[in-house]
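What follows is one structure encoded as structure tokens, with my remarks underneath.
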Amino acid sequence: MRVSQSWLAELLGDVPPADETAEAFVRVGLEIEDVHRAPELTGPLVVGRVLEFEVLTGLKKPIRWCQVEVGEAQPRGIICGASNFAAGDLVVVALPGAVLPGGFAISARKTYGHVSDGMIASARELGIGADHAGILVLPPDTAEPGEDARPLLGLSPDDPDAVIELNVTPDRGYCFSVRGLARELACSLDADYTDPAMRVTVPPAIGDAWPVELADSGCPRFVARRVDGVDPTAPSPWWMQRRLLAAGMRPISLIVDVTNYVMIELGQPLHAYDASRLSGPIVVRRAEAGEKLRTLDDVERTLDPDDLLITDDSGPIGLAGVMGGASTEISGANEHGRIDVLIEAAHFDPAVIARVARRHKLPSEASRRFERTVDPQLPPVAAERAAQLLVEHGRATVARGRTDVGAAPQPAPVEMPLELPDRVAGVAYPPGATVRRLAQVGCAVELVTGDDGRGHVVATPPSWRPDLGQPADLVEEVLRLEGLDVIPSVLPSAPGGRGLTPAQQRRRAVSRALAEAGYVEVLPFPFVDPTVWDAFGLAADDPRRRTVHVLNPLDAERAELAGTLLPGLLDTLVRNRSRGATDLALYHIGQVVLPHAKPLPMPDPAVDGRPSDAELAQIEAALPAQPVHVSAVLAGDREARGWWGPGRSASWADAVQAGLLVGLAAGVELRVTAATHPPFHPGRCAALRVGDWIVGHAGELHPKVVEALGLPERTCAMELDLDLIPLDDRRPAPRVSPYPPIAVDVALVADASVPAAELAEALSDGGGELLEEVRLFDVYTGEQVGAGRRSLAFTLRFRAPDRTLTSEEANAARDSAVAVAAERYAASQR
């Protein structure tokens with residue numbers, strides 16, 4: 001939205017310089033795009049009259065050799081490439097020696113076989129507008145040839161007229177008008193403000209101007225006013241053209257300029273119909289399938305049943321609130337040399353207009369305002385204002401009657417405590433500030449005593465502020481008008497005795513432990529494709545196939561929330577491999593979704609109040625469980641190769657160790673037992689247990705899974721449920737013994753089917769309190785131990801907390817540990 005300072009000054013009495021005006025707008029929350037100051041222009045710039053012209057032939061584009069009167073004894077000959085003027089028109093002429101904006105110097109020069117003694121300028125060349133389709137043609141009798149054109153164009157050095165360009169956000173639709181911007185500026189400057197809508201007298205309606213029927217709720221109100229006998233040759237007054245140019249619009253004709261001017265002034269879009277081309281009553285309705293409409297831009301559009309139309313007996317004559325139709329466009333004069341005009345001023349539903357404009361890719365000045373909500377009380381005022389301007393400048397007469405169908409919605413009053421803005425901002429505002437500021441934005445304010453015995457404000461928002469619907473909206477108005485810069489930026493102090501919960505501490509400890517072990521945390525895509533369960537080799541009745549479907553997914557092929565982190569983590573591994581990373585150790589901690597086997601229906605509570613306790617209980621029961629899982633995947637080398645050796649590939653043992661590491665960080669020591677659990681390799685899968693309860697699995701993925709998902713060979717993974725691990729916030733500090741340990745090696749021969757972890761557990765149980773660590777360091781199979789058997793060598797480390805152990809005590813503890821292993825698994829010592 002662009003507005004000139006002179007237009008604002010008309011409604012405020014006076015405005016500060018351009019920079020201060022821009023700052024005043026910013027203080028009340030408006031965004032400034034740019035400040036367009038009066039262009040720098042030197043040298044002779046005068047008004048000229050085109051006496052005659054000759055169209056030069058034999059050229060690729062039309063060129064005119066013009067004789068222009070500029071107040072001198074003889075007219076000047078000037079070459080001009082525009083064709084939007086006629087003999088007798090007043091134009092702006094830059095004489096030799098003038099320098100136009102951008103450093104464009106004018107001089108007499110020979111071109112097209114003639115000496116062009118100056119230049120006839122366009123609005124863009126003069127820096128007062130963006131139009132360059134033709135030269136700037138002034139209305140007749142605006143000035144005499146030879147007069148200085150600067151004051152006429154607002155370029156006088158003594159009184160420069162700057163243009164403020166603002167970015168109007170969707171919630172401030174009323175600022176898409178000079179009326180709204182002047183009100184905001186008056187609030188910022190604490191200045192008096194004259195509402196231009198209040199200066200328009202709307203006489204009582206005597207009959208209808210045209211029959212109108214509203215057949216759809218998308219148009220709550222429709223006003224029509226008829227003006228007969230508009231002179232099509234009457235020019236728009238120069239002050240109107242100048243303001244339109246400053247607003248970024250090209251003056252076209254009096255009728256079009258008047259509707260655009262009123263729209264910019266008041267914010268109410270208008271449309272003018274040629275009354276002679278209308279047939280029958282106007283009906284506002286939705287489009288029917290297959291209907292077509294040729295709009296004013298000469299494009300035939302196929303209409304959608306959701307489109308809101310303006311129609312008459314001939315069919316559609318306009319896209320409501322967007323663009324009129326070509327069939328009722330203002331055309332030539334009637335037999336009396338006049339045009340009868342029907343002015344439409346309507347109120348439309350913002351969402352309906354926004355959908356129509358986007359569907360047809362047809363943004364317009366009208367649709368930009370309607371989709372941000374227009375004041376529903378404006379239609380009769382805007383129609384009357386346009387009619388008055390046409391009567392004044394087009395020598396027309398207003399026909400009897402005004403059609404006003406429908407009704408404007410009435411705003412609901414909002415009540416809030418009088419001191420609420422002070423409490424929200426933490427500022428003690430002066431007495432009366434709340435009432436004064438709400439009155440400035442147009443609210444009807446009443447002070448009452450609330451049920452709590454305190455003073456309350458009951459504010460009825462004005463018709464142009466539909467966004468004021470709750471106390472928080474009123475608070476925002478008071479705060480922004482009093483100044484957001486006066487609200488102190490104070491960091492609230494954290495209350496003592498609070499911090500991370502035990503669950504949050506455990507999650508951080510687990511994440512830190514994995515990161516310290518060389519794993520990299522990633523955030524994979526949380527949704528999965530249901531076909532991944534086939535790749536995982538899950539049975540048809542596997543509960544992990546139960547997922548929660550996302551109604552509005554980001555990716556239509558991945559629209560499920562799953563009960564495992566592995567699919568997303570494996571996708572991330574594949575993506576990193578495709579980017580050249582070969583040795584990967586990734587982890588992720590996040591929530592999964594475990595739907596119930598028999599899900600309960602989710603209630604649909606009303607939104608006008610708090611759900612009942614029964615509804616809240618049903619919502620809680622219907623929600624699926626969402627425990628926190630931790631998962632890790634490995635591929636490539638776990639230990640890098642170098643001068644020290646060939647390195648070591650990641651294996652199932654590393655995945656198991658990652659699970660044990662998570663357990664230690666969570667405060668428990670997990671048990672490891674053999675398991676069969678897709679998608680893991682049946683012979684290389686371990687169950688991670690707390691006691692006898694399984695909390696996760698780790699191991700190498702099945703080769704078929706690796707092939708189906710395009711994973712590196714022998715990819716390993718681990719996943720466990722953190723919420724299944726008992727949470728104990730009692731974390732005693734570890735006791736460090738000052739006495740030396742004694743390490744004893746022992747080799748046990750057992751059946752090859754006995755897991756090493758179970759042998760290690762038996763040794764731990766038999767070693768007693770002196771046993772500090774059991775570590776497997778060698779595995780041997782061969783003729784010396786027999787077929788189907790293997791030798792597992794462990795290092796047992798013993799230490800006493802209060803003394804130095806003797807060899808006899810360590811050997812006795814070792815023998816006790818071996819005895820338990822022999823008893824449980826028939827293991828013998830080599």
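For the salt bridge (Lys or Arg N to Asp or Glu O under 4.0 Å) condition, the pairs that include at least one residue of residues 522-537, sequence neighbours left out, are D534-R545. Applying the salt bridge (Lys or Arg N to Asp or Glu O under 4.0 Å) test to every pair with at least one member in residues 702-716, sequence neighbours left out, gives these pairs: E700-R714. For residues 660-677, every residue pair satisfying the salt bridge (Lys or Arg N to Asp or Glu O under 4.0 Å) rule, not counting sequence neighbours, is listed here: R671-D692, R671-E761. Sequence neighbours left out, not one pair with a member in residues 752-803 passes ring-ring contact (aromatic ring centres under 6.0 Å, His included). Under the ring-ring contact (aromatic ring centres under 6.0 Å, His included) criterion, the residue pairs touching residues 503-543 are F525-F527, W533-F536, with sequence neighbours excluded.
If you check the side chains of T564 and R544, you find no donor sitting under 3.5 Å from an acceptor. Counting only N and O atoms by type, the side chains of E560 and H549 include a donor and acceptor under 3.5 Å apart.
Evaluation of the side chain to side chain contact (heavy atoms under 4.5 Å, CB included) rule for A581 yields N576, L584 as partners, not counting sequence neighbours. Scanning for ring pair (Phe, Tyr, Trp, His ring centres under 6.0 Å) contacts around H677 gives H697, with sequence neighbours left out. Annotation: side chain to side chain contact (heavy atoms under 4.5 Å, CB included) contacts of E772 (sequence neighbours excluded): R797, R799. Partners of A472 under the side chain to side chain contact (heavy atoms under 4.5 Å, CB included) rule, at least two apart in sequence or in another chain, are Q470. In this view, A717 and L566, V633, F680, L701 satisfy the side chain to side chain contact (heavy atoms under 4.5 Å, CB included) rule, not counting sequence neighbours.
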Under 3.5 Å, sequence neighbours excluded: what are the donor-acceptor pairs made by side chains of residues 817-828?
from	atom 1	to	atom 2	distance (Å)
R824	NH1	D765	OD2	3.0
R824	NH2	D765	OD2	2.9
Y825	OH	E758	OE1	3.3

Contacts table for residues 621-629: side-chain donor-acceptor under 3.5 angstrom, sequence neighbours left out:
from	atom 1	to	atom 2	distance (Å)
H629	ND1	E719	OE2	2.9

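No more than 12 heavy atoms of other residues, nucleotides or ligands shown are found within 6.0 angstrom of CG on D604. Counting non-hydrogen atoms of other residues, nucleotides and ligands closer than 6.0 Å to CZ of R641 gives a total of 12 or fewer.
Using a cut-off of 4.0 Å between Lys/Arg side-chain N and Asp/Glu carboxylate O, R610 and E615 are scored as not salt-bridged. Ionic pairing of R775 and D745 is not present here: no N-O contact between side-chain nitrogen and carboxylate oxygen is shorter than 4.0 angstrom.
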Item checked: Derivation and outcome, salt bridge (Lys or Arg N to Asp or Glu O under 4.0 Å), residues R790 and D778 -> CA-CA 10 Å; R790 64 178 178 174; D778 186 51; over 6 Å; no
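Here the side chain of S511 pairs no donor or acceptor atom with the backbone of R507 at under 3.5 angstrom.
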